[in-house]
Amino acid sequence: MTALAADSAAGTGSSARAPDSGSARGGAGLVLGVVLLFGSVALSLCAGAEAVPPGTVWDALVHGTRGEEAAIVQDMRLPRTLIGVAVGAALGLAGAVMQSLTRNPLADPGLLGVNAGASAAVVTAISLFGVESFGGYLWFAVAGAGIASVVVSALGGSGAATPVRLALAGTAVSAALSGYINGLQLLDTHALDRLRNWDVGSLAGRSGDLLAQAAPLLVAGAFLAFALARPLNVMAFGEDSARALGTNPGRTRVLSVVSVTLLCGGATAVCGPIGFVGLMVPHAVRFFTGPHTPRLFAYCALYAPVLLLVSDVVGRVVAPPSEIQVGIITALLGGLLFIHLVRRRKVAQL
């Protein structure tokens, strides 16, 4: 009996220590994320083809001083940095929602055909309607992303859709839209040239006005994602258990698709398709969050802007005076992550 009591006490102590250890790790991850976010914002404002001293950045932002370097900060780097923070958070959240919805650790927001729909709408706007500006692309891209996600949801079975059917429907729609995009580009070389500047994914040349127009979509998508965090957490135990606990799986799936469409559609409309951010960040932050979905969403919204801003700064400084678009940098990093996942013996299950 004494041995049983000792074993029971040891088990109780271990279980008591585990949450403390997880909480400590989560707290450390939160502090680290805040530090990295502020550091990446400062780096984005200071670094580039022409470095600007931190003191000059401070004076330009706080005191409103003018001058050549101050103009670079105020007119170019500040809007670019704010867009990077907003778009990064949106892509990270969209990726976390997709992975939680499909229970697939390799799921990406593009799995719903959002990127392909946005690209198809933009190439249509260029070729058939003569749209030439990023501001003109915005609402075409949003509409294309929304239509593609509705089609994918309908093909997947709407409220009765399973994660596998959604993934297959998204793949099929993306393939069909890619064929349409390629065909239109072959017929219209001007559309090819214009789409190439948008389709690579970049923070350069985007104004604060674009972010202001897309902000309602991003805010609504983020609010919906956080509202769905607990239902998605419950659905990890299976649909029967979720129903027993008061969660409607069909409604949760539909609202998750809406959230991803708003987040990824708004982000893609502003910057063009930027891949792998929504894939990489959830993998990285699970070290701090574990499988807890609400915490995962919060950490993705915090860490994804860090990845996007640092990637953007790397693209600015590696080949001055030119720069490499951030979509290329994130694609390179994403390729390395895929190689790492393939070489692992076992991919983490969600």
Side-chain angles (χ1 to χ4, degrees), residues 37 40-50 52 57 60-61 70-94 109-110 114-115 117-119 121-123 125-126 131-145 193-219 221-222 262-278 304-317 319 321-331:
L37 180 58
S40 61
V41 167
L43 185 65
S44 179
L45 293 171
C46 295
E50 181 177 342
V52 178
V57 172
L61 296 180
I72 292 175
V73 173
Q74 295 166 342
D75 300 334
M76 298 174 62
R77 291 188 184 168
L78 180 60
R80 185 170 184 163
T81 301
L82 293 176
I83 289 173
V85 171
V87 168
L91 293 176
L93 262 177
V114 173
N115 289 346
S119 297
V122 169
V123 75
I126 294 170
V131 178
E132 298 287 338
S133 66
F134 288 122
Y137 301 159
L138 178 69
W139 295 111
F140 278 96
V142 170
D193 292 335
R194 296 296 300 173
L195 185 68
R196 186 170 54 194
N197 294 328
W198 179 85
D199 198 44
V200 70
S202 175
L203 302 180
R206 273 63 172 180
S207 67
D209 292 338
L210 279 178
L211 179 60
Q213 293 179 59
L217 302 175
L218 301 179
V219 171
L262 291 172
L263 289 168
C264 200
T268 303
V270 174
C271 297
I274 298 176
F276 295 103
V277 174
V306 175
L307 173 63
L308 193 61
L309 289 176
V310 171
S311 299
D312 184 48
V313 171
V314 170
R316 289 187 230 168
V317 301
S322 300
E323 63 178 63
I324 300 175
Q325 285 81 0
V326 67
I328 297 175
I329 302 296
T330 59

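In what follows, every heavy atom counts, from backbone to side chain, and hydrogens, waters and symmetry copies are set aside.
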Distance (rounded to the nearest 0.5 Å) between [X] [atom1] and [Y] [atom2]:
{"X": "Q213", "Y": "L218", "atom1": "CD", "atom2": "CG", "answer": "12.0 Å"}
{"X": "I83", "Y": "S207", "atom1": "CD1", "atom2": "OG", "answer": "6.5 Å"}
{"X": "E323", "Y": "I328", "atom1": "CD", "atom2": "CD1", "answer": "10.0 Å"}
{"X": "D312", "Y": "S202", "atom1": "CG", "atom2": "OG", "answer": "7.0 Å"}
{"X": "L211", "Y": "L138", "atom1": "CG", "atom2": "CG", "answer": "10.0 Å"}

For residues [X] and [Y], report the shortest heavy-atom separation together with the two atoms involved.
{"X": "V122", "Y": "A141", "value": "CG2-CB, 3.9 Å"}
{"X": "A304", "Y": "V277", "value": "CB-CG1, 4.1 Å"}
{"X": "T81", "Y": "S44", "value": "OG1-OG, 2.7 Å"}
{"X": "F140", "Y": "A121", "value": "O-CB, 2.9 Å"}
{"X": "V326", "Y": "S311", "value": "CG2-CB, 3.8 Å"}
{"X": "I274", "Y": "G201", "value": "CG1-CA, 3.9 Å"}

Under 3.5 Å donor-acceptor, [X] side chain and [Y] backbone:
{"X": "R206", "Y": "A204", "answer": "yes"}
{"X": "Q74", "Y": "L61", "answer": "no"}
{"X": "T330", "Y": "G275", "answer": "yes"}
{"X": "S119", "Y": "N115", "answer": "yes"}

Stepwise side-chain contact (heavy atoms from CB on, under 4.5 Å) test for V52 and L45: CA-CA 8 Å; V52 178; L45 293 171; over 6 Å; no

For D209, salt bridge (charged side-chain N to carboxylate O under 4.0 Å, His left out) partners two or more places apart: none

Partner of V306 by side-chain contact (heavy atoms from CB on, under 4.5 Å), out of L309, V310, L308: V310

Side-chain heavy-atom pair I126, Y137 within 4.5 angstrom cut-off: yes

Flag side-chain contact, heavy atom, 4.5 Å: L37 against P305: yes

side-chain contact (heavy atoms from CB on, under 4.5 Å) evaluation trace for R77 with R316: CA-CA 11 Å; R77 291 188 184 168; R316 289 187 230 168; 3.9 Å; yes

